[in-house]
Amino acid sequence: MGGQHRNVQPFSDEDASIETMSHCSGYSDPSSFAEDGPEVLDEEGTQEDLEYKLKGFIDLTLDKSAKTRQAALESIKNALASKMLYEFILERRMTLTDSIERCLKKGKSDEQRAAASLASVLCIQLGPGIESEEVLKTLGPILKKIICDGTASIQARQTCATCFGVCCFIATDDITELYSTLECLESIFTKSYLKEKDTNVICSTPNTVLHISCLLAWTLLLTICPINEVKKKLEMHFHKLPSLLSSDDVNMRIAAGESLALMFELARGMESDFFYEDMESLTQMLRALATDGNKHRAKVDKRKQRSVFRDILRAVEERDFPTETVKFGPERMYIDCWVKKHTYDTFKEVLGSGMQYHLQSNEFLRNVFELGPPVMLDAATLKTMKISRFERHLYNSAAFKARTKARSKCRDKRADVGEFF
């Protein structure tokens, strides 16, 4: 079945801004859709060409070559991240789910990662409802098995953890399934908790990246739990989670800090006079991380950490959040709380550069972020918003030249001052 589509031509720039793409067994270089997202479909037939090529890639997920299957999965994922194809995938969701299931069960690390990534985007396209529930019902047990399998690759387990969190966030209508997913993720990331009273630093291990992904997926699901369950989880984790702030891995420290800020936000949302017993020691830790001058840490890590922990400290001490603005097309969205920030960051990680397009067009995401129905724009308006690649290249070149000129002048001035002294 895989062989009959070998002559399908890869996507081109004319096909909804999709860049050259290939498979190891028939195309010269497996790559993906353009990062800039889809262009406007001006030409008649482009949509049909796009769907024809996607049918070819769906068939290639059954190919004998693992590299071909992986490239096909990645290509479909990038297509769904770049463009809304709801009707197309609705008709083929069973076939896609079967392919993802087969690749998760039989594939090795990279293929499993590609399959899990596609599952996340498939659920984002379908949105809540019986179709995505069926996807989760089929794939959930397999994802859980991989996440908990100590012999599976760490990278595959990591991607499956994110996928499980995202799919459950979108599709689950069974409260017991939600709680079961939370417990699965907890069983992994709590292994990073400080075990011994006399140890001051948690040393990272190869599993730390998996623990981070499980913690972030768990935090996402906490935002959709009923109040009683949130209270239970806060009681369980509020006094243990701060131990992760002493990890020697900067990403673990940041993930723990942001999860704590979100937990404080949820707790105060339920009880405005919420009291945290260890507030003094926690704020001391947060302040130390917000002003960290540790010589043993890389400068980039320290800069990144200090910036994030200044915001986390303000959230915990002053209940303050620095509002961020996200622009997409003619619209803008204000991220004004930790729950919204964490949700946005999660979906941005999954969709990549397609996030802006989905914020404009995906009804599910627009509901999540309370943006209302999609804004309808006519072709003329869209054309005025669109900058061609050539124009963007010219703009970037001019900006680069201007920066170089400014730096040269600045260097000349410093040289003059040096000579004077």
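Panel note: side chain Thr159, backbone Ala156; no donor-acceptor pair is recorded below 3.5 Å. At least one donor-acceptor pair under 3.5 Å links the side chain of Glu265 to the backbone N or O of Val339. Of the possible donor and acceptor atoms, one in the side chain of Arg157 sits under 3.5 Å from a partner among the backbone N and O of Ile147. Proximity of a side-chain donor or acceptor of Gln125 to a complementary backbone N or O of Ile89 within less than 3.5 Å is not detected. Panel note: side chain Asn362, backbone Ile124; a donor-acceptor pair is recorded below 3.5 Å.
Within 6.0 Å of CZ in Arg319 there are more than 12 heavy atoms belonging to other residues, nucleotides or ligands. By the neighbour-count criterion of 12 heavy atoms within 6.0 Å, atom CE of Met94 is sparsely surrounded, having that number or fewer from other residues, nucleotides or ligands. Taking a 6.0 Å sphere around CD of Glu229, one finds it holds more than 12 heavy atoms contributed by other residues, nucleotides or ligands. Counted within 6.0 Å of CD1 on Ile130, heavy atoms from surrounding residues, nucleotides or ligands total 12 or fewer; the atom is thus considered open.
Residues Phe347 and Leu359 are not in side-chain contact: their nearest non-hydrogen atoms beyond the backbone lie 4.5 Å or more apart. Here the side chains of Thr208 and Asn251 are not in contact, with every heavy-atom distance at 4.5 Å or above. A heavy-atom distance below 4.5 Å is found between the side chains of Leu245 and Leu289. Considering only heavy atoms from C-beta on, Lys304 stays 4.5 Å or farther from Ser307 through its side chain. Side-chain contact between Leu351 and Tyr357: absent, with no pair of heavy atoms (C-beta onward) separated by less than 4.5 Å. Counting only heavy atoms from C-beta outward, the side chains of Leu221 and Cys168 approach each other to under 4.5 Å. Looking at heavy atoms from C-beta onward, Phe321 lies out of side-chain contact with Asp311 at the 4.5 angstrom threshold. Residues Tyr86 and Leu90 form a side-chain contact, since some pair of their non-hydrogen atoms from C-beta on lies under 4.5 Å apart.
Both the sub-6.0 Å distance and the 45° axial angle are satisfied by Arg92 relative to the ring of Phe88.
Side chains of Ser204 and Asp248: a donor-acceptor N/O pair is present below 3.5 angstrom, by distance only. For the residue pair His237 / Tyr193, a side-chain donor-acceptor distance below 3.5 Å is found, with atom types taken as modelled. Side chain to side chain, Asp174 and Thr172 fail the donor-acceptor criterion of an N or O pair below 3.5 Å. Side chains of Lys144 and Thr181: no donor on one and acceptor on the other come within 3.5 Å. Side-chain polar atoms of Asp249 and Ser247 form no donor-acceptor pair below 3.5 angstrom. A side-chain donor from one of Glu186 and Trp218 sits under 3.5 Å from a side-chain acceptor of the other. Inspection of the Asn228 and Lys233 side chains reveals no N or O donor paired with an N or O acceptor under 3.5 Å.
Separating the CZ atom in Arg113 from the OG atom in Ser153 is a distance of 7.0 Å, to the nearest 0.5 Å. Rounding to the nearest 0.5 angstrom, the gap separating the CG atom in Asp59 from the CG atom in Asp63 is 10.0 Å. For the atom pair CD (Gln356) and CE (Met333), the distance works out to 10.0 Å, reported to the nearest 0.5 Å. In this structure, CG in Leu210 is found 7.0 Å from CD in Gln158, a value given to the nearest 0.5 Å. Here the straight-line distance linking atom CD1 of Ile170 with atom CZ of Phe364 works out to 4.0 Å at 0.5 Å rounding. For the atom pair OG1 (Thr138) and CG (Leu104), the distance works out to 11.5 Å, reported to the nearest 0.5 Å.
Lys341 and Asp345 are joined by a salt bridge, as a carboxylate oxygen and a charged side-chain nitrogen come within less than 4.0 angstrom of each other. Ion pairing between a basic and an acidic side chain is recognised when a charged N comes within 4.0 Å of a carboxylate O; Lys105 and Glu101 show such pairing. The pair Lys137-Glu177 does not meet the salt-bridge criterion, since no charged nitrogen lies less than 4.0 angstrom from a carboxylate oxygen.
Ring geometry, Phe238 versus Tyr276: the interplanar angle falls from 30° to 60°, so the pair is classed tilted.
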Are Glu111 and Lys67 close enough, and set up right, to give a salt bridge (Lys or Arg N to Asp or Glu O under 4.0 Å), and what steps lead you there? CA-CA 8 Å; Glu111 189 178 341; Lys67 286 187 175 179; over 6 Å; no
